[in-house]
Trainee: 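Next up is a structure, given as structure tokens.
Here is the naming used below: chain letters follow the sequence lines, and residue numbers restart at 1 for every chain.
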Number of protein chains: 2
Amino acid sequence: MIAPLLSRAERVREQVLDATVALVAEVGVERTSIDEVASRSGVAKSTIYRHFPSKQVLVIEAVHTCMSIPTVTDSGSLRDDLISCFSGMTRATYEGKLGSMQLSLMDAAQRDPELGRLLRAQTDQKRRFATAVLERAVAAGDLPADVDIELLVTLLSGPLVYTKLVRLQPVTNELIVAVVDTVLAGIGVRQSVD
Amino acid sequence: MIAPLLSRAERVREQVLDATVALVAEVGVERTSIDEVASRSGVAKSTIYRHFPSKQVLVIEAVHTCMSIPTVTDSGSLRDDLISCFSGMTRATYEGKLGSMQLSLMDAAQRDPELGRLLRAQTDQKRRFATAVLERAVAAGDLPADVDIELLVTLLSGPLVYTKLVRLQPVTNELIVAVVDTVLAGIGVRQSVD
DNA sequence: AACAATCGCTACGGTACCGTCTCGATTTGA
DNA sequence: TCAAATCGAGACGGTACCGTAGCGATTGTT
């Protein structure tokens, strides 16, 4: 064999983590078993335990591999930046496997402090992205200085989370636009009408 | 013994359901076991199975006992009615044991169609309450006839759900007021300013 | 007081899972 | 090429859970 792109150890790790992600997305954290991960990944259970000390750690590392960092745009238009911001965060959070894992992770996080910290960090980071966009608008004079940014982020994020997790419906771009426009109008931001 | 308010069978049922609710609220649906329910309720496991055919049914009936129906006020003020409506629904949904069960139930509902139907009915009912308030406002001319009521309900419910389930923070009355006021302002409803 | 229904207690078979271990086979790197 | 590291396969003890069954004790009814 010549020049493998990944060492065997790396290949094994990846296979195990992939299978774990798929399984958690399918049956949730609680019903995910190491035996099933072994069976699906084609990696022996003993080998899994050579790479990960416990199921808890395995799940957390698997979740880690799904998390991506959205980018923040600066178009000069608050409306466009907010739409872009929440569109990106929705894709990163609620599409793909991570989206299917979300509810189970949130539930498990109630009883697993480590997982709780991970999700809280995820949430806080997303809020910081939106906060940054809004603070930039305040600095630019597009928003009044006394606006409650914390509240604004909740007003913008909430309807999207609710649509995905409670109503189990897709978060469309139309919804994001409607939410952004209504909330901006609610705090008195004049908008260019087509 | 004289004139028991409840027959023994009713007393047993109640004890079992109460213990189930408490246990689900503490450890979630998945980790709730019949043995533990028996131990906590003081009812023998065999007796539990005489009343409920399976754990799934027991959990669903236990959840049922927690669900209360909020009332709808008609004060003539759209703002006040919305605040009252969402305040009541928040109390009914996110306070007490049902609040602690919520995330675990939502997760379990992904893989238990029966539980899924129950939660969906719960969600739909709450949306209908808010929809009724909004439709009344349209009829009274307080809202434009072409307003998207579905979207409005999502805009109002979302931030509250998000605050409770994602941020794990209490849904205060101040938050509800701020959400209602901002959303109403967003669709161009003039408000009396104090 | 007597009888039927219901209960508590306990044990059971069956299953599933965790995390460990052994051992023979395979791979890697020097 | 050859030794060391890593792997797959599978068995293991231990635990927890489900749902059932047997049986003596309690209850409520008549």
Trainee: Distance check needed: dC18(D) C1' versus Gln56(B) CD, whole Å only.
Mentor: 14 Å
Trainee: To the nearest Å, how far apart are Tyr49(B) OH and dC9(C) P?
Mentor: 17 Å
Trainee: List for me each residue that meets side chain to side chain donor-acceptor pair (under 3.5 Å) alongside Thr73(B), sequence neighbours excluded, and say none if there are none.
Mentor: Asp81(B), Ser84(B)
Trainee: Measure from CG on Asp35(B) to P on dC9(C) and round the result to the nearest Å.
Mentor: 13 Å
Trainee: Can you find a side chain N or O atom of His51(B) that sits less than 4.0 Å from OP1 or OP2 on dT6(C)?
Mentor: no
Trainee: With rounding to the nearest 0.5 angstrom, report the CG to CG distance, Asp148(A) to Leu152(A).
Mentor: 7.0 Å
Trainee: Between Arg79(A) and Val180(A), is there a donor-acceptor pair closer than 3.5 Å when you use the side chain of the first and the backbone of the second?
Mentor: no
Trainee: For nucleotides 8-11 of chain D, give me every protein contact, N/O to N/O, under 3.5 Å, one pair per line with atom names.
Mentor:
residue: dG8(D); atom: OP1; partner: Gly42(A); partner atom: O; Å: 3.4
residue: dG8(D); atom: OP2; partner: Ala44(A); partner atom: N; Å: 3.2
residue: dG8(D); atom: OP2; partner: Thr47(A); partner atom: OG1; Å: 2.5
residue: dG8(D); atom: O6; partner: Arg50(A); partner atom: NH2; Å: 3.4
residue: dA9(D); atom: N6; partner: Ser46(A); partner atom: OG; Å: 2.9

Trainee: Scan residues 23-33 of chain B against DNA chain D and write down, sorted by residue number, each residue with any heavy atom closer than 4.0 Å; if none is found, say none.
Mentor: Thr32(B), Ser33(B)
Trainee: Return the set of residues passing side-chain contact (heavy atoms from CB on, under 4.5 Å) with Glu61(A) (not counting sequence neighbours), or none when no residue passes.
Mentor: Arg13(A), Leu17(A), Phe52(A), Val57(A)
Trainee: Starting at CZ of Arg13(B) and ending at P of dC7(C), how long is that distance when rounded to a whole Å?
Mentor: 11 Å
Trainee: Once you build an axis from the first five pairs and another from the last five of the helix from dA1(C)-dT30(D) to dA30(C)-dT1(D), how far apart in angle are they, to 10 degrees?
Mentor: 20°
Trainee: Just how far, in rounded Å, is P of dA16(D) from NZ of Lys55(B)?
Mentor: 15 Å
Trainee: What pairs with Arg120(A) under side chain to side chain donor-acceptor pair (under 3.5 Å), at least two apart in sequence or on another chain?
Mentor: none
Trainee: In chain order, what residues pass the side chain to side chain donor-acceptor pair (under 3.5 Å) check against Thr154(B), with sequence neighbours excluded?
Mentor: Arg127(B)
Trainee: Do any pairs count as a salt bridge (charged side-chain N to carboxylate O under 4.0 Å, His left out) and have a residue in residues 68-77 of chain B, sequence neighbours left out, and if so which ones?
Mentor: Asp74(B)-Arg136(B)
Trainee: Would you please name every residue forming a side chain to side chain donor-acceptor pair (under 3.5 Å) with Glu135(B), sequence neighbours left out?
Mentor: none
Trainee: Do any pairs count as a salt bridge (charged side-chain N to carboxylate O under 4.0 Å, His left out) and have a residue in residues 157-167 of chain A, sequence neighbours left out, and if so which ones?
Mentor: Arg167(A)-Glu150(B)
Trainee: Excluding sequence neighbours, so at least two apart, what forms side-chain contact (heavy atoms from CB on, under 4.5 Å) with Ser87(B)?
Mentor: Arg91(B), Asn173(B), Ile176(B)
Trainee: Show the atom names and distances, to 0.1 Å, of all donor-acceptor pairs under 3.5 Å that link a side chain in residues 94-105 of chain A to residues at least two apart or in another chain.
Mentor:
residue: Gln102(A); atom: NE2; partner: Thr93(A); partner atom: O; Å: 3.2
residue: Ser104(A); atom: OG; partner: Val29(A); partner atom: N; Å: 2.8

Trainee: In this structure, how many angstroms lie between the P atom of dT6(C) and the CZ atom of Arg11(B), rounded?
Mentor: 14 Å
